[in-house]
There are 2 protein chains.
Amino acid sequence: MKQPCGQHSHPHRLIQQPLTELTERLRQGARKITGPRQAILDVLRRHQSPLSNKEIHAALGKESCDLATVYRNLNTLEEMRLVRRFDLGDGVARFELLAEGDDGHHHHLVCRKCSLVVEIDECFPADIEAEIGRRHGFTQVSHRLEFFGLCSRCQVAPKPVV
Amino acid sequence: MKQPCGQHSHPHRLIQQPLTELTERLRQGARKITGPRQAILDVLRRHQSPLSNKEIHAALGKESCDLATVYRNLNTLEEMRLVRRFDLGDGVARFELLAEGDDGHHHHLVCRKCSLVVEIDECFPADIEAEIGRRHGFTQVSHRLEFFGLCSRCQVAPKPVV
DNA sequence: CATGGCGTTGCAAACGGATTGCACTGAGCG
DNA sequence: CGCTCAGTGCAATCCGTTTGCAACGCCATG
């Protein structure tokens, strides 16, 4: 079913432009540019909505690797700030590609039925965090904010459309 | 270690005032007033911070019951709007007692190190939800908002104080 | 272009929170 | 005071995620 990772004959084909920059960032962390690593980043590059480990694993084509490797890599990539982790509240971690220099701060509007995810611009007045922190003696305050609702499709269709 | 639930000799002792009201709401749902049920509500009544299933189970004294029963009861109680479920992002569900008529809408400020939880008043202008929904074709929009930071204790102490 | 170290991978086992099937118990109605 | 069905204990199970270990392979260095 799965095949060993060392066997792909064109290891760099999927990486298009950001190879240099990517290589740079990987090297800085004493990280290696492996087949699975590239393939995972490539899957994220092709999707706009946050993807779960399992979804990413399923989307890997012939470059597939073990699910555990997907987990490990996403943890690593998050550490390196190449991806951002989202918690949509269903107990499944999802990830988005993070652009260079981008702090990736935005929120999501999630459909309760079909889990459709829309990116949201709205956010807090930034000073509220500091204010809240000061009021309660906290520092380094950040926040997590997600909206939930019923998307237009699920309002009419009683059955979820995945 | 655990003892059967039927053995407590004073089944109603812990319930103080809200027995009538509680009984009312339980009866309406064709629910029974059992020992574990009372004990769980009582534990929540004695705490202000949200508690996990495991914490609640540990806090049950001689009224203890099976952990599975704690899970089942909290699901039931949430359904009945007697408690509110919080997701603090660590993959563990936590619960707070919900007062009669209270919609329980508020948010938390959580310490990243020691998991201290403080209740927060700040929230969104209510119309933002509707606005966001309208803009993206969603209805019934709600939100989840949590703040994370370093509490005053953990700012000085490098080690978490649980 | 060969070599070696260490970061990475596959595989399987384990982990932790949560759920569930089943037989038994007991709350509360008539 | 019985009957009935919600509730319970117990153990098995589920699912997302992590981890131990041996083999592998990326890549800095010679």
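Keep in mind that this is a model prediction, so the values were computed, not measured. These values consider heavy atoms only, across backbone and side chains, with no hydrogens, waters or symmetry-generated copies. Every chain is numbered from 1, with letters handed out A, B, ... down the list of sequences.
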Inset, instruction - State whether a side-chain donor-acceptor pair under 3.5 Å links B:His108 with B:Glu96. - result: yes

Legend entry - Rounded distance in Å - CZ (B:Arg31) to P (C:dG28): 13 Å

Legend entry - B:Leu77 CG - D:dA6 P separation (whole Å): 16 Å

Inset, instruction - Write down the distance between CG (A:Asn53) and C1' (D:dT18), rounded to a whole number of angstrom. - result: 11 Å

Legend entry - Exercise: do A:Ser49 and A:Arg94 side chains pair donor with acceptor under 3.5 Å: no

Inset, instruction - May I ask you to verify if any side-chain N or O of A:Thr34 is less than 4.0 angstrom from the OP1 or OP2 atom of D:dC26? - result: no

Inset, instruction - Answer with base, sugar-phosphate or nothing: what part of the nucleic acid does B:Ala68 contact at a heavy-atom distance below 4.0 Å? - result: base

Legend entry - Spacing of B:Arg72 atom CZ relative to C:dG21 atom C1', expressed in whole Å: 10 Å

Inset, instruction - Measure the distance from CG on A:Asp66 to C1' on C:dA13 and round it to the nearest whole Å. - result: 13 Å

Inset, instruction - Round to the nearest Å and state the distance from B:Lys32 atom NZ to D:dC3 atom P. - result: 15 Å

Inset, instruction - Starting at atom CG of B:Asn75, determine the distance to atom C1' of D:dT8, rounded to an integer number of angstrom. - result: 15 Å

Legend entry - B:Tyr71 OH to C:dG21 C1', straight-line distance once rounded to whole Å: 18 Å

Inset, instruction - State, to 0.1 Å, how close A:Cys151 and B:Phe138 come at their nearest heavy-atom pair, and which atoms those are. - result: CB-CZ, 3.5 Å

Inset, instruction - Report the nucleotide, chosen from D:dG16, C:dT9, C:dG28, that has the shortest atom-to-atom distance to any side-chain atom of A:Val92. - result: D:dG16

Inset, instruction - Please determine if a side-chain N or O atom of A:Lys54 lies less than 4.0 Å away from the OP1 or OP2 oxygen of D:dG16. - result: yes

Inset, instruction - Going by the ring-ring contact (aromatic ring centres under 6.0 Å, His included) test, name the single residue among B:His107, B:His105, B:His106 that passes it with B:Phe86. - result: B:His106

